[in-house]
Amino acid sequence: MKTLSDLLAEGVAGRRVLVRADLNVPLDGDKITDDGRVRASVPTIKALADAGARVIVTAHLGRPKGEPDPKFSLAPAAARLGELLGTEVPLASDLVGPSATSVVGALTDGGVAMLENVRFDARETSKVDAERAELADELASFADAFVSDGFGVVHRKQASVYDVAQKLPAYVGGLVEAELKVLKKLTDDLERPYVVVLGGAKVSDKLGVIANLLSKVDKLLIGGGMAYTFLKAQGHEVGTSLLQEDQLDQVKGFLEEADKRGVELVLPVDVLVTAEFGNVEHDVVGTDAIPADKMGLDIGPKSRELFASKLADAKTVFWNGPMGVFEIETYSGGTRAVAEALVKSDAFTVVGGGDSAAAVRALGLPEDGFSHISTGGGASLEFLEGKELPGISVLES
């Protein structure tokens, strides 16, 4: 697999380089609420521009339905990237049309431009190989080389991730290279005890990774909305808490498998409950005493202490998913407790992207307090699940 360093060594001055970045940032209107992914894209783009390349950035934002939608425009990302680079980053008003052709044609050595949201074109996510290949051909016509630097999308077989890498000399970007190095440390070269903390809303989102991790971890801590399906599988009343009844048999199997393998599977012992989602008035109850008419929205103080104690002697920790509805301050304590335990830890600590990374920043915690904060939650999980990542395999081949 050729790297960004290889490309720079070959020389890029005057060459057009298409960079697939991950700029899928959260927005409030047209205001970016967490620019972590934009900041993460800067080193690769800057390295290319500083070496004299003509850099063309392609990326997606949100889930438009294969056609232009103003609320998913990359304009805020282009503006923020320009601020971080200290130069204007013009945004084409289309992806491969007249505006894109004009903007790319106007690039000079060291310049950076951005194409509009790649998902405004339905061919990007098409299941039909020929349709994706057609878009990839059009994207490739703009460039002399391709750099894959959007880790958050390498688990997708999409035109700008997979197919275009077959049309141009392709290289792995610095961000993706760093992410893979960290994840391989979690699978091939880890120190024990190895503890994984999983949270978030749904068990179904993490079935594969749980099944795979049960043969690898020493401890598995479960919080967030997904914990209530585990608690129900143990026979507890969970009230109106988030529950996936169709996953109960699968979860019972996980509990049995963990016991058989000697994996310590840790669930909350108390939770913050309320009668209505978002209501800040709440009670703290044991997980064996959740009222039938109330829902749990965060792990309680005893659970926070329990989870922190289980992390204290860890040598390697992977954390993906908040412990509660951290966006509401009242229910952010569990997520904060886990994050602070990792900051205090001497372990190799990896925050697995997505809401976990957003929570670290939203709660004002020091990013350098963690060994690594991933930019791709879904890609991280699929890697740990043992799945092939199309955007990586195409670079390796």
Side-chain angles (χ1 to χ4, degrees), residues 155 179-180 182-236 238 242-269 287 299 303 306-323 334 338 341-342 345 347-356 371-372 374 376-389:
H155 59 315
E179 294 270 14
L180 290 174
V182 167
L183 289 174
K184 286 177 181 176
K185 189 168 182 177
L186 292 180
T187 53
D188 302 335
D189 187 30
L190 62 86
E191 286 190 72
R192 295 187 181 277
Y194 177 26
V195 183
V196 170
V197 186
L198 295 179
K202 296 179 179 180
V203 176
S204 56
D205 291 341
K206 298 183 171 74
L207 288 176
V209 74
I210 294 172
N212 199 41
L213 286 172
L214 283 175
S215 65
K216 296 176 171 60
V217 302
D218 299 296
K219 300 176 189 176
L220 180 59
L221 282 52
I222 304 287
M226 62 187 290
Y228 299 99
T229 302
F230 277 84
L231 292 167
K232 184 71 172 180
Q234 288 186 327
H236 295 300
V238 297
L242 186 65
L243 173 66
Q244 289 188 282
E245 292 201 46
D246 61 332
Q247 302 297 331
L248 284 172
D249 287 343
Q250 179 80 65
V251 168
K252 288 176 183 176
F254 289 152
L255 292 168
E256 292 169 2
E257 182 73 9
D259 184 59
K260 185 171 74 174
R261 289 184 174 274
V263 173
E264 189 176 358
L265 198 155
V266 184
L267 296 173
V269 294
T287 49
I299 61 173
S303 300
L306 174 65
F307 280 27
S309 72
K310 299 299 181 183
L311 291 164
D313 66 344
K315 292 297 183 185
T316 305
V317 182
F318 175 78
W319 168 38
N320 180 278
M323 298 294 100
V338 166
L342 296 191
S345 170
F348 179 74
T349 54
V350 179
V351 180
D355 287 340
S356 309
S371 304
H372 181 73
S374 178
S380 296
L381 288 173
E382 290 201 11
F383 186 96
L384 293 180
E385 190 177 334
K387 285 186 175 180
E388 181 181 85
L389 306 181

If we only count heavy atoms from C-beta on, is the [X] to [Y] side-chain gap below 4.5 Å?
{"X": "L311", "Y": "S345", "answer": "no"}
{"X": "L207", "Y": "Q250", "answer": "yes"}
{"X": "V217", "Y": "F318", "answer": "no"}
{"X": "K232", "Y": "L248", "answer": "yes"}
{"X": "L220", "Y": "F254", "answer": "no"}
{"X": "N320", "Y": "K206", "answer": "yes"}
{"X": "M323", "Y": "V197", "answer": "yes"}

Note to self: With side chain to side chain contact (heavy atoms under 4.5 Å, CB included) as the criterion, how do T287 and L267 come out once you've worked through the C-alpha distance, each side chain's angles and the decisive distance to 0.1 Å?
What the structure shows: CA-CA 9 Å; T287 49; L267 296 173; over 6 Å; no
Once rounded to the nearest 0.5 Å, what's the spacing between atom [atom1] of [X] and atom [atom2] of [Y]?
{"X": "L190", "Y": "K184", "atom1": "CG", "atom2": "NZ", "result": "15.0 Å"}
{"X": "M226", "Y": "D205", "atom1": "CE", "atom2": "CG", "result": "8.5 Å"}
{"X": "E257", "Y": "I210", "atom1": "CD", "atom2": "CD1", "result": "12.5 Å"}
{"X": "I299", "Y": "I222", "atom1": "CD1", "atom2": "CD1", "result": "11.5 Å"}
{"X": "L221", "Y": "W319", "atom1": "CG", "atom2": "CH2", "result": "12.0 Å"}
{"X": "E256", "Y": "L214", "atom1": "CD", "atom2": "CG", "result": "11.5 Å"}

So, for [X] and [Y], which heavy atoms are closest and what is the spacing to 0.1 Å?
{"X": "A347", "Y": "T316", "value": "CB-N, 3.9 Å"}
{"X": "P322", "Y": "D355", "value": "CD-CB, 3.7 Å"}
{"X": "F307", "Y": "V266", "value": "CE1-CG1, 3.8 Å"}

Item checked: Flag for S204-Q244: side-chain donor and acceptor within less than 3.5 Å ->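 Per modelled atom types, Q244 and S204 side chains form a pair under 3.5 Å.
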Check: If you measure from the Lys or Arg side-chain nitrogens to the Asp or Glu carboxylate oxygens, is any gap between K315 and D218 under 4.0 Å?
Finding: no
Note to self: For V317, run the side chain to side chain contact (heavy atoms under 4.5 Å, CB included) check against V338, V196, L342 and tell me which one passes.
What the structure shows: L342
Donor-acceptor pairs under 3.5 angstrom involving side-chain atoms of residues 379-387: please list them, not counting sequence neighbours.
unit_1	atom_1	unit_2	atom_2	d
S380	OG	S374	OG	3.0
S380	OG	G376	O	2.7

